[in-house]
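As the structure lists them, so they are numbered: ligands from 1, and atoms in each ligand from 1. None of these values were measured; they are calculated from a predicted model.
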Amino acid sequence: MELSKKAMSISPSSTLAIDAKAKKMKADGIDVIGFGAGEPDFDTPQHIKEAAIKAIQEGFTKYTPASGTLDLKHAVCRKFKKDNGLDYTPSNIVISNGAKHSLVNAFQAICNPGDEVIIPAPFWVSYPEMVKLADGVPVIVNTTEEDGFKFTVDQIEKAISNKTKALVLNSPSNPTGMIYSEAELRQVADLAVAKGIYVISDEIYEKLIYDGFKHVSIASFNDKIKDLTIVVNGVAKSYSMTGWRIGYTASNAKIAEIMGNVQSHATSNPNSIAQKATVAALDGPQDEVDRMVAEFGKRRDYMVERINAIPGLSCIKPNGAFYVMMNITKIIGTEVCGAVIKGSDDFANMLLEKANVALVPGSGFGTDIHVRLSYATSLKNITEGLNRIEKFLEK
Ligand code: PMP
Ligand code: GLU
């Protein structure tokens with residue numbers, strides 16, 4: 001019997017696939033260096049864990065309201081006020097099982113069949129598939145390394161049609177690490193308001209920023225753009241809480257209600273204990289975040305310098321997140337370890353097999369001349385991984 005055409009058109013997440021492969025190799029006793037999935041290597045801060053333990057001991061282990069506890073929604077509102085100058089009330093907030101789930105809810109809430117969603121490339125692997133799951137049509141706008149992987153407002157304007165429903169904005173970006181300035185975001189906001197399109201603003205890397213750059217939420221400029229924006233955020237990256245699975249959105253109350261309804265049938269509430277832990281993360285001391293950012297900054301500098309010193313490879317310096325897009329144009333078409341590298345998949349596969357280094361091919365991010373390395377791993381691993389890449393290319 002035929003299975004769902006829509007579901008069968010969805011490709012697996014390449015970030016998670018590489019991560020699973022690398023973890024399996026490690027479990028089999030192979031010494032793999034993982035530059036794959038974007039997952040901080042730090043432990044979750046102690047005060048957050050203690051809040052979770054307390055929640056268990058106090059019996060906070062039952063269903064909560066499907067779209068999250070009021071307590072956590074208030075904490076999220078305080079976070080938006082403090083970090084982004086945004087005023088929301090709990091009716092604007094939906095708590096979900098990770099920011100990935102928040103994004104799925106957002107596309108489900110706004111898309112009708114055939115609606116177009118503009119996604120700048122390189123993009124995080126899941127955006128186009130999430131749009132397709134919501135019966136929408138991803139419209140890709142390509143950016144180049146020469147332009148710092150940033151789109152121009154002109155490019156977005158040209159991509160807008162009478163079917164355009166939304167634009168996906170991801171600053172700081174996964175996979176490129178680029179950040180849009182306030183001036184650039186203001187132009188995007190003006191365009192979105194003029195054309196009446198939604199902005200899905202994925203701000204999950206907002207705290208992972210280097211070189212004195214500043215994160216600004218596009219929703220904060222005026223009430224019109226605030227009404228059109230679904231801000232997506234979560235605790236996975238900033239607080240090293242990837243496994244806890246808490247993400248959240250802020251949107252107008254109508255969209256929040258729809259997302260809450262969808263979620264109430266799909267998953268019910270996110271984990272009650274993790275919700276308590278998230279209140280502690282958002283309200284508690286932020287010094288651990290600063291410590292992590294300082295450490296990521298050092299790793300980034302080292303990785304960028306090493307890559308640019310390896311013949312045939314290059315990269316630009318990212319200003320945020322914890323990824324480097326390594327340009328492999330000069331390697332493509334050459335023979336390494338006895339085989340011709342035809343694109344980013346070949347490069348990533350061969351590197352994993354022959355040098356035991358895991359990284360993510362650019363193909364899943366919409367660029368076949370790059371591969372993505374995550375520097376959310378120790379300097380020791382980064383040094384060893386880059387030594388291996390250097391040796392691999394010498395062959
Ligand atoms: N958005 C981006 C850009 C990401 O890189 C991730 C990473 N997983 C997510 C959303 C989802 O985060 P999570 O579901 O772990 O909260
Ligand atoms: N977002 C991270 C990444 O891009 C984690 C894996 C995932 O959820 O895709 O590697």
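No part of Thr242 comes within 4.0 Å of ligand 2, judged by heavy-atom distances. Residue contacts with ligand 1 for Val232 are absent, since no atom lies close enough (heavy atoms, distance under 4.0 Å). With a 4.0 Å heavy-atom cut-off, ligand 1 is reached by the side chain of Lys237 but not by its N, CA, C or O. Using a 4.0 Å cut-off between heavy atoms, Ala236 contacts ligand 1 through its side chain alone, with no backbone atom that close.
Put simply, part of Arg245 is less than 4.0 Å from ligand 1, judged by heavy atoms. Between Glu39 and ligand 2 there is no heavy-atom distance shorter than 4.0 Å.
In terms of protein heavy-atom proximity, atom 2 (C) of ligand 2 is nearest to Lys237 NZ, 3.3 Å. The closest protein non-hydrogen atom to atom 9 (C) of ligand 1 is Trp124 CH2, 3.4 Å. Protein heavy atom nearest atom 11 (C) of ligand 1, with residue, atom name and distance: Lys100 N, 3.5 Å. Looking from atom 9 (O) of ligand 2 to the surrounding protein, the closest heavy atom is Thr15 OG1, 2.6 Å. Atom 12 (O) of ligand 1 has as its closest protein heavy atom Ile204 CD1, 3.6 Å.
The shortest N or O to N or O distance between Asp202 and ligand 1 is below 3.5 Å. Of the polar atoms of Ala99, at least one N or O is found under 3.5 Å from an N or O of ligand 1, judged by distance alone. Considering backbone and side-chain N/O of Asn97, none are found under 3.5 Å from N/O of ligand 1. Note: no N/O pair closer than 3.5 Å links Leu16 and ligand 2 by distance alone. Between Thr242 and ligand 1, no pair of N/O atoms sits closer than 3.5 Å. Where the criterion is an N or O separation shorter than 3.5 Å, residue side chain and backbone included, Tyr127 fails it with respect to ligand 1. Geometrically, ligand 2 and Ser126 share no nitrogen or oxygen pair separated by less than 3.5 Å.
No side-chain donor-acceptor contact under 3.5 Å links Ser363 and Asp368. Between the side chains of Lys150 and Thr176, no donor-acceptor pair is found at a separation under 3.5 Å. Between the side chains of Asn233 and Glu203, not a single donor N or O lies within less than 3.5 Å of an accepting N or O. With hydrogens and angles left out, the side-chain atoms of Ser220 and Ser217 include no donor and acceptor closer than 3.5 Å. If you check the side chains of Thr152 and Asp154, you find no donor sitting under 3.5 Å from an acceptor. For the residue pair Lys226 and Asn252, no side-chain donor N or O sits within less than 3.5 Å of a side-chain acceptor on the partner. With hydrogens and angles left out, the side-chain atoms of Trp244 and Thr278 include no donor and acceptor closer than 3.5 Å.
When each atom of ligand 2 is checked for a heavy atom of Tyr323 under 4.0 Å away, the hits are 2 (C), 3 (C), 4 (O), 10 (O). Residue Gly98 has at least one heavy-atom neighbour below 4.0 Å for each of these atoms of ligand 1: 14 (O), 16 (O). Shown in contact with Lys100 at under 4.0 Å from a heavy atom are these atoms of ligand 2, numbered in order with element: 7 (C), 8 (O), 9 (O). Close contacts between ligand 1 and Asn174 involve ligand atoms 3 (C), 4 (C), 5 (O) [criterion: under 4.0 Å to a heavy atom].
Aromatic ring orientation, Phe347 versus Phe392: perpendicular (interplanar angle above 60°, classes split at 30° and 60°). Note on ring orientation: taking the six-membered ring where Trp is involved, the planes of Phe296 and Tyr375 are perpendicular (angle over 60°, cut-offs 30° and 60°).
The side-chain heavy atoms of Val188 and Ile218, taken from C-beta on, include a pair separated by under 4.5 Å. The shortest side-chain heavy-atom distance between Ser161 and Glu116 falls under the 4.5 Å cut-off. No side-chain heavy atom of Thr143 sits under 4.5 Å from any side-chain heavy atom of Asp147.
Of the options Phe42, Phe35, Tyr205, a ring pair (Phe, Tyr, Trp, His ring centres under 6.0 Å) to Phe322 is made by Tyr205 and by none of the others.
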